[in-house]
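What follows is a single structure, written as structure tokens, with notes after it.
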Amino acid sequence: MSDIVRTRFAPSPTGLLHVGGVRTALFAWLVARQKGGEFILRIEDTDRARHVEGAEQHIIDSLKALGLNYDEGPDIGGQYGPYRQSERLDSYKQWAQKLLDSGRAYADPFKPEEIQVFREQAQAEKRPFLYRNHRPENPPTWDGSMPLRFKSDPKPYTRHDEVMGDLSTGPETIDDFILIKSDGYPTYNFAHIVDDTEMHITHIIRGQEFLSSIPNYLNLYEALNLSPPTMATMPHILGPDGKKKLSKRDGAKDVLDYIRDGFLPEALLNFIASLGWNDGTEQEIFSLVNLIELFSLDRVQHSGARFDEQRLLWLNGAHIRELSLDNLYMLSETYWPAEAAESDEQYKMQVLKLVQERLKYLAELPELTRFFFIDLPRNPELISGHKQLSKLSAEEIKELLNQTKQSLEQSDFSLEDLTNRLNDLLETTEQKPAVLFSLIRVATTQAPFSPALADTLVVLGKKLSLARIEQQLA
RNA sequence: GGCCCCUUCGUCUAGUGGUCCAGGACGUCUGGUUCUCAUCCAGAAAAUCGCGGGUUCGACUCCCGCAGGGGUCACCA
């Protein structure tokens, strides 16, 4: 039991889960899965002011949509619950009492405004602010109405981070941070250590914003007589400008938006993993199974990576192309254009087969396939704007379409027969494919682009194809 | 300002002293695939390896300094 790997994802419900958060979750999940361990979801909802209604559900929905299943969590329970920090206040009180008893915690008698004065003083002198420089000599008894602080033991640390490598810091980074706020809720700094201990977490994987606080945590682990878990610190995912942390402003949609647009979970995870990780080979496309097998924390980049949506688009297209037709059909179910509602499965399968290689994401399905289901309005632009077709007179166009019609009327509309007839038409009309095929394509689709002509005609079928040619003639 | 982290093509990256006048991928451009879009294939442009010093026969790789970027210094996580 004690040597099973247990990792956790511990978001705070203060907003939507975005790509950066997903990456932390993904890597923690991968570590657990590849070691046959367990992955836990814990909600860190100790900040009542910033709590966002529905955020927890959004996080849960996102993880489920991505397939990052967890073994214990607020909605499914587990043997070390509850998994919501707001429901674990008794635990924090108990551990706080231990520190109080050993003289490693004390009540903070200052008002926030008073501390603010100290802080501004330090800032004016261009020194970092350290609360412990103001540590009261005879702190009052803690009655819960004021913050409880950790009595730190400043010292240098040298430690190993699974991602960052060996790190060292001096005693100046250690301070008396708050354990329990005056509202009775613990701070992250305290709560996560209690929870990770009680939940037997073996690997903490978290974002870079915690890097400079970790020495403080080590100090607290010591005071509690605990040995800290393995730690891994992830660099941030950056916005397109390459500077700031990725935010919604940068076009970083939340994960569910991507899922709704028809990005495949596997592609999304492949993309997110490759933002700062690779296996050292030239492989770019990884299945989830690949990722579980190959992932390792020590190959995670130390620097931030920019979010490049173009690359995501490409990767998603690549994953779509690797899907079996049946699979793609299942996943596409809700993306068809409204006009496809009446069409049968067999027809939609044929259509899907033709567009599979040009789909970048499933929500593109309607614009790529609409003409298979409905007669699009005549679009004269397609001829007047075409470099070759625009040179033909109305008479010439009519003549070409008539010849085409006559030939296709004799066709059984098999791919082979259509191909032969189209080739024959090239000879009898003495036209280049760029002219004849373009014209037929425009007439039968009224769309700016479509799959290959013969393939398209086969799927459209004889009746529809001829009807549309006649429409163009009218 | 203190402390900590980071720095290879536009972007994601390979690279752990010589096989790198730096490889792959996305993107871009060119050509081919009987028409368009996409796919696929072939090819091109694209990094004086942030800068400056060392160490070494030899450095993208080791050391030192500098610069730039980021994080942090909350009763937020």
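Keep in mind that what you see is a predicted model, and the values were worked out from it rather than measured. Quick note on labels: first sequence line is chain A, next is B, and so on, each numbered from 1.
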Just by protein heavy atoms under 4.0 Å, how would nucleotides 60-67 of chain B read 5' to 3' in B, S and -? --------
Please determine whether a side-chain nitrogen or oxygen atom of A/Asn278 lies at a distance below 4.0 Å from atom OP1 or OP2 of B/A14. yes
Tell me whether the side-chain N or O atoms of A/Ser212 pair up with the base of B/C4 as donor and acceptor below 3.5 Å, since no angle test is needed here. no
Rounding to an integer number of Å, can you tell me how far A/Glu282 CD sits from B/U13 C1'? 10 Å
Would you call the rings of A/His192 and A/Tyr188 parallel, tilted or perpendicular, taking 30° and 60° as the class edges? parallel
Scanning all shown strands, the Watson-Crick or wobble mate of B/C9 with both distances under 3.5 Å is none
So which nucleotide from B/A74, B/C75, B/C76 ends up closest to the side chain of A/Phe129? B/A74
Using the closest heavy atom to pick a nucleotide of RNA chain B for each, name whichever of A/Arg127 or A/Pro186 lands nearer the 5' end. A/Arg127
A/Arg299 has an atom CZ; how far is it from atom P of B/U16, in whole Å? 10 Å
Using Watson-Crick or G-U wobble geometry with both distances under 3.5 Å, which nucleotide pairs with B/U30? B/A42
Could you check whether A/Thr173 gets within reach of a base, just the sugar-phosphate, or nothing at all, counting any heavy atom under 4.0 Å? sugar-phosphate
Could you tell me whether A/Asp424 and A/Arg421 make a salt bridge, using a distance below 4.0 angstrom between a side-chain N and a carboxylate O? no
With a 4.0 Å cutoff (strictly under), does any side-chain N or O of A/Arg50 reach OP1 or OP2 of B/C75? no
Looking at residues at least two apart in the chain, or sitting in another chain, which of them share a ring pair (Phe, Tyr, Trp, His ring centres under 6.0 Å) with A/Phe371? none
Quick one: A/Glu284 CD to B/A25 P, roughly how many Å, whole number? 7 Å
Nucleotides 9-11 of chain B: which of its N/O atoms have a protein N/O under 3.5 Å away?
unit_1: B/U11; atom_1: OP1; unit_2: A/Arg306; atom_2: NH2; d: 3.3

With a 4.0 Å cut-off, would you call A/Glu44 and A/Arg42 a salt bridge? yes
Phosphate OP1/OP2 of B/C6 contacted by A/His302 side-chain N/O (<4.0 Å): yes
Take the protein atom CZ of A/Phe177 and the nucleotide atom C1' of B/A77, then report the distance between them rounded to whole Å. 14 Å
Please measure how far the P atom in B/A22 lies from the corresponding atom in B/G50, and state the result in whole Å. 15 Å
Whole angstrom value for the distance that separates P of B/C6 from CG of A/Asp161: 10 Å
Could you tell me which nucleotide pairs with B/C49 by Watson-Crick or G-U wobble geometry, both distances under 3.5 Å, or answer none if nothing does? none
Base, sugar-phosphate, or nothing for A/Gln388, non-hydrogen atoms under 4.0 angstrom? nothing
Phosphate OP1/OP2 of B/C75 contacted by A/Arg149 side-chain N/O (<4.0 Å): yes
Nearest-angstrom distance, C1' atom, B/G10 to B/C4: 30 Å
Expressed as a whole number of Å, how far does the P atom of B/C5 sit from that of B/C63? 13 Å
Pairwise P distance, B/G24 and B/G15 [rounded to whole Å]: 15 Å
Report the C-alpha distance between A/Tyr217 and A/Phe210 in whole Å, list the side-chain angles of each, state the deciding distance to 0.1 Å, and finish with yes or no for ring pair (Phe, Tyr, Trp, His ring centres under 6.0 Å). CA-CA 10 Å; A/Tyr217 306 153; A/Phe210 297 106; 7.1 Å; no
Between B/A77 and A/Thr46, is there an OP1 or OP2 to side-chain N/O distance shorter than 4.0 Å? yes
Which residues pass the side chain to side chain donor-acceptor pair (under 3.5 Å) test with A/Glu396, not counting sequence neighbours? A/Ser393
What is the pairing partner of B/A14, taking Watson-Crick or G-U wobble pairs with both distances under 3.5 Å in any strand? none
A/Gly304 or A/Pro112, whichever maps to the more 5' nucleotide of RNA chain B: A/Gly304
A/Lys111/A/Glu114 ion pair, N-O < 4.0 Å: no
Using the C1' atom on both, measure B/C21 against B/A25 and round to a whole Å. 23 Å
Expressed in angstrom and rounded to an integer, what is the separation of A/Asn316 atom CG from B/C26 atom P? 15 Å
State whether A/Tyr106 and A/Arg149 meet the cation-pi test: NZ (Lys) or CZ (Arg) under 6.0 Å from the six-membered ring centroid, and within 45° of the perpendicular axis. no
Mind checking side chain to side chain donor-acceptor pair (under 3.5 Å) for A/Gln301 and listing every partner two or more places apart, or none if nothing turns up? none
Is any side-chain N of the basic residue among A/Asp166 and A/Arg159 closer than 4.0 Å to the acidic one's carboxylate O? no
Can you tell me if the side-chain N/O atoms of A/Lys181 get under 4.0 Å from OP1 or OP2 in B/C76? yes
Rounded to whole angstroms, how far apart are CG on A/Asn216 and C1' on B/C3? 12 Å
Determine, using ring centers only, whether A/Phe295 and A/Trp277 are less than 6.0 Å apart. yes
Please report the distance separating the P of B/A38 from the corresponding atom of B/G32, rounded so that it comes out in whole Å. 15 Å
Whole-Å C1' distance, B/C75 and B/G69: 31 Å
Can we say A/Glu222 and A/Lys155 salt-bridge, meaning some charged N sits less than 4.0 Å from an Asp/Glu carboxylate O? yes
Look at all strands and tell whether A/Phe210 reaches a base, only sugar-phosphate, or nothing, counting heavy atoms closer than 4.0 Å. base
Classify A/Thr233 by what it touches in the nucleic acid, base, sugar-phosphate, or nothing, heavy-atom distance under 4.0 Å. nothing
Re B/U72: Watson-Crick or G-U wobble partner, both distances kept under 3.5 Å, found to be B/G2
Could you check, using the six-membered ring where one of them is a Trp, whether A/Tyr70 and A/Trp29 have ring centers closer than 6.0 angstrom? no
Is the closest basic N to carboxylate O distance between A/Asp195 and A/Arg88 below 4.0 Å? yes
Partner nucleotide, any strand, of B/A77 [Watson-Crick/G-U, under 3.5 Å]: none
For A/Phe190 and B/A77, what is the distance between atoms CZ and C1' respectively, to the nearest whole Å? 16 Å
If you only use heavy atoms from C-beta on, which nucleotide in B/A77, B/U7, B/C73 is closest to the side chain of A/Ser12? B/A77
Taking atom P in both B/C51 and B/A45, compute the distance separating them and give it to the nearest angstrom. 23 Å
Are A/Glu162 and A/Arg299 within salt-bridge range, i.e. N to O under 4.0 Å? no
Produce a footprint string for nucleotides 31-43 of chain B: one letter per nucleotide, 5' end first; B if the base is under 4.0 Å from any protein heavy atom, S if only the sugar-phosphate is, - if neither. ---BBBBBSS---
Strictly by Watson-Crick or wobble contacts shorter than 3.5 Å, is anything paired with B/C60, and which nucleotide is it? none
Touch class at under 4.0 angstrom, heavy-atom based, for A/Gly317 against every strand present: nothing
I'd like to know if A/Lys151 pairs up with A/Asp176 as an ion pair, taking the criterion as any Lys NZ or Arg NE/NH1/NH2 lying under 4.0 Å from an Asp or Glu carboxylate oxygen. no
